[in-house]
Amino acid sequence: MIIRDLNSVADSGHCVQAETWASRRLLLRADGMGFSLHDTLIHAGTETPMWYKNHLEAVYCIEGEGMLHALDGGETIAIRPGVLYALDKHDRHVLRARSQLRLICVFNPPLSGKETHDADGSYPLLEDA
Ligand code: 9YT
């Protein structure tokens with residue numbers, strides 16, 4: 001069994017900071033679960049364009065308020081605690097955080113640990129560091 005605590009994840013080097021977000025990565029590819037699991041903060045007042053070409057991501061909001069805009073003719077939905085969205089079609093999207101968002105994010109295939117967004121807002125497929 002794997003047991004993790006958010007406090008120790010932050011100290012273990014499995015916390016990735018970007019301009020608009022901080023990702024605390026609780027489960028990674030090396031854990032062998034077939035997915036990675038992150039507790040992610042999106043900073044208040046920011047806008048993050050994303051396009052996960054190489055991954056599927058499910059996102060469950062547990063704190064904060066914002067808006068998700070699906071690009072390529074998609075819809076706009078309000079993000080608040082209890083709302084989940086799943087990018088099952090590698091959808092291009094923009095996330096706007098009115099207040100700080102706290103999101104539980106699951107990636108398939110799992111992230112290796114160090115990934116951060118490229119110019120398109122996607123993650124490359126990385127081998128274990
Ligand atoms: C919602 C989203 O994808 N935010 C960017 C960070 C990502 N969730 C991560 O690496 O934890």
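Indexing begins at 1, ligand by ligand and atom by atom, following the structure's order.
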task: Examine distances only and state if a side-chain atom of Asp118 and a backbone atom of Asp120 form a donor-acceptor pair shorter than 3.5 Å.
output: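 The answer is yes, because a donor-acceptor pair under 3.5 Å joins these two groups.
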
query: Hey, is the main chain of His69 close enough, under 3.5 Å, to the side chain of His93 for a donor-acceptor pair?
result: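 No, because the side chain of His93 does not come within donor-acceptor range (under 3.5 Å) of the backbone of His69.
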
field: Partners meeting side chain to side chain contact (heavy atoms under 4.5 Å, CB included) with Leu41 (sequence neighbours left out)
entry: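 Checked Leu41 against side chain to side chain contact (heavy atoms under 4.5 Å, CB included); matches are Arg24, Gln100, Arg102.
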
query: Got a salt bridge between Glu47 and Arg96, using NZ or NE/NH1/NH2 to carboxylate O under 4.0 Å?
result: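 So Glu47 pairs with Arg96 through a salt bridge.
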
- prompt: Going by heavy atoms in the side chains, are Thr48 and His117 under 4.5 Å from each other?
  reply: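 When only atoms from C-beta onward are counted, His117 and Thr48 do touch, with a gap below 4.5 Å.
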
Aromatic plane relationship, Tyr123 with His55 - under 30° parallel, 30 to 60° tilted, over 60° perpendicular: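 Correct class here is perpendicular.
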
message: Which protein residues come within less than 4.0 angstrom of ligand 1, counting heavy atoms only?
response: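 Residues Trp21, Ser23, Arg25, His38, Thr40, Ile42, Met50, Tyr52, Glu57, Tyr85, Leu103, Cys105, Phe107, His117, Tyr123 each place a heavy atom under 4.0 Å from ligand 1, listed by chain and number.
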
